[in-house]
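Comments concern the structure below.
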Amino acid sequence: MQNVLNALRVLEEVADRQPVGVTDLARAMGLPKSSVQRALVTLHTAEWIQPAGDTPTRWAVTTKALHVGRRAAGELGLRDAAVPVMEELRRRTDETVHLAVPEGGKVVLIERLETAQPVRIVLPLGQILPLHASSNGKAVLAASPDEVVERYIAEGLPGFTGTTITDPGRLRTELAGIRARGYAANRGEWRADVSAVAAAVVGGADRDGLPVASVSVNVPTSRMTDASRSAFGALVAAAAKTLGDVLARRRAPDRDTARHRTP
């Protein structure tokens with residue numbers, strides 16, 4: 001753990017003092033040069049820092065830090081817009097509500113509002129879910145271009161439970177149904193005890209017409225009925241539409257600014 005903390009501290013110091021060498025870093029941080037040197041090697045191997053110009057003993061951060069910073073800012077902006085919508089959805093359903101974002105052929109949970117009910121679904125933030133076996137994933141996949149869907153199918157559809165859709169034809173039919181009704185349903189397809197409905201959120205700063213997130217209502221399978229699935233589906237579809245509209249309104253001033261700057 002201490003080695004990890006040292007590496008993160010060294011990364012911050014390099015960012016503040018770049019270009020900088022091991023001697024200056026060790027002096028500024030009050031650490032042995034050997035500890036700082038090990039951290040620098042680790043950060044360089046992970047491509048967080050690089051030699052500064054033609055001086056291999058002095059270091060600067062790479063653009064990897066910039067990419068991560070942009071990603072964090074985007075998620076924070078999405079969370080800020082989503083939480084009020086999620087709170088209203090939780091109030092109306094009295095069930096756990098999740099916000100997820102697509103990432104590398106999967107979806108990742110980035111926000112959760114829990115129900116007060118004693119039996120609930122609790123998934124950790126950062127949980128990765130498959131596109132074909134989760135409501136959030138199927139909602140995102142249904143809102144994606146055909147080439148994205150076909151590329152995902154070509155990589156294989158592993159089974160997780162007895163209800164997971166593993167047949168490409170069945171999945172295509174399922175996605176068509178999601179597009180028609182406006183929300184996806186998960187009937188214990190990833191974990192038998194987890195059922196959910198979700199809808200894709202379309203909007204944001206740089207992904208016109210593509211899903212930037214999904215919102216879901218998550219229920220223990222034992223508590224999800226056909227009637228509640230339909231009711232929650234309508235509510236989650238409306239919530240996703242509201243969030244997409246909020247993101248679009250936030251984007252409008254940026255578009256106007258860009259238009260005015262165009263010669």
Side-chain angles (χ1 to χ4, degrees), residues 75-76 78-103 105-143 157-166 170-171 174-175 177-178 180-201 211-244 246:
E75 287 192 358
L76 287 173
L78 176 60
R79 281 190 175 101
D80 179 58
V83 166
V85 178
M86 294 172 67
E87 288 176 339
E88 175 64 13
L89 183 59
R90 179 178 60 177
R91 185 189 69 78
R92 299 188 67 180
T93 62
D94 194 24
E95 296 290 354
T96 299
V97 176
H98 284 148
L99 177 70
V101 294
E103 180 180 290
K106 298 178 176 64
V107 291
V108 181
L109 298 182
I110 65 168
E111 188 57 272
R112 178 186 65 244
L113 299 183
E114 292 185 22
T115 177
Q117 299 198 51
V119 179
R120 68 190 76 177
I121 297 301
V122 178
L123 300 178
L125 298 185
Q127 176 71 59
I128 297 173
L129 301 171
L131 291 183
H132 70 291
S134 65
S135 63
N136 284 291
K138 288 194 289 183
V140 165
L141 200 58
L157 304 174
F160 298 94
T161 71
T163 58
T164 305
I165 298 175
T166 58
R170 279 191 61 206
L171 181 60
E174 175 82 356
L175 297 179
I178 292 168
R181 66 177 173 264
Y183 66 90
N186 167 21
R187 297 171 173 83
E189 295 158 41
W190 173 62
R191 275 178 29 185
D193 60 329
V194 178
S195 289
V197 293
V201 178
V212 296
S214 60
V215 179
S216 63
V217 174
N218 305 269
V219 183
T221 297
S222 60
R223 198 158 66 228
M224 181 74 90
T225 65
D226 288 343
S228 62
R229 183 180 295 110
S230 178
F232 292 164
L235 290 171
V236 82
K241 174 64 166 57
T242 297
L243 179 53
V246 170

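What you are looking at is a predicted structure, and each value in this text was computed from that prediction instead of being measured. Worth knowing before you read on, the calculation uses all heavy atoms, side chains too, and leaves out hydrogens, waters and symmetry mates.
Residues passing the side-chain hydrogen bond (donor to acceptor under 3.5 Å, both in side chains) test with K106, sequence neighbours excluded: none. By the side-chain hydrogen bond (donor to acceptor under 3.5 Å, both in side chains) test, R191 is found to be paired with D193, residues two or more places apart in sequence or in another chain being considered. For T163, the side-chain hydrogen bond (donor to acceptor under 3.5 Å, both in side chains) partners two or more places apart in sequence, or in a different chain, are T161. By the ring-ring contact (aromatic ring centres under 6.0 Å, His included) test, H98 pairs with no residue at all, sequence neighbours left out. For T242, there are no side-chain hydrogen bond (donor to acceptor under 3.5 Å, both in side chains) partners two or more places apart in sequence or in a different chain. For T225, the side chain to side chain contact (heavy atoms under 4.5 Å, CB included) test picks out A227, S228, with sequence neighbours left out. Scanning for side chain to side chain contact (heavy atoms under 4.5 Å, CB included) contacts around A142 gives L175, I178, R179, with sequence neighbours left out.
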For this session: Could you go through the side chain to side chain contact (heavy atoms under 4.5 Å, CB included) check for V215 and L243 one step at a time?
Result: CA-CA 9 Å; V215 179; L243 179 53; 4.1 Å; yes

For this session: Test side chain to side chain contact (heavy atoms under 4.5 Å, CB included) on V217 and L235 and set out the steps.
Result: CA-CA 9 Å; V217 174; L235 290 171; over 6 Å; no

Problem set entry | Verdict with supporting geometry, V107 and L131, side chain to side chain contact (heavy atoms under 4.5 Å, CB included) | CA-CA 7 Å; V107 291; L131 291 183; 3.7 Å; yes

Exercise. So N136 and L109, side chain to side chain contact (heavy atoms under 4.5 Å, CB included) or not? Walk me through it.
Worked result: CA-CA 9 Å; N136 284 291; L109 298 182; 4.2 Å; yes

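Side-chain contact, S216 with N218: a donor N or O sits under 3.5 Å from an acceptor N or O.
T221 places a side-chain N or O within 3.5 Å of a backbone atom of V194 that can act as its donor or acceptor partner. Proximity of a side-chain donor or acceptor of S135 to a complementary backbone N or O of N186 within less than 3.5 Å is not detected.
The ring-ring contact (aromatic ring centres under 6.0 Å, His included) analysis of residues 115-135, with sequence neighbours excluded, yields the pairs H132-Y152, H132-F160. Within the structure, the salt bridge (charged side-chain N to carboxylate O under 4.0 Å, His left out) test picks out the following pairs touching residues 124-140 (sequence neighbours left out): K138-E174, K138-E189.
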Donor-acceptor pairs under 3.5 angstrom involving side-chain atoms of residues 117-130: please list them, not counting sequence neighbours.
residue : atom : partner : partner atom : Å
Q117    : NE2  : D94     : O            : 2.9
Q117    : NE2  : E95     : OE2          : 3.2
R120    : NE   : Q117    : O            : 3.1
R120    : NH1  : E114    : OE1          : 3.0
R120    : NH1  : T115    : O            : 3.3
R120    : NH2  : Q117    : O            : 3.2

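Of all the heavy atoms in L89 and A239, the pair that sits closest is CD2-CB, 4.1 Å. The heavy-atom pair separating A139 from A198 by the smallest distance is CB-O, 3.8 Å. The nearest pair of heavy atoms linking A199 to A237 is CB-CA, 3.7 Å.
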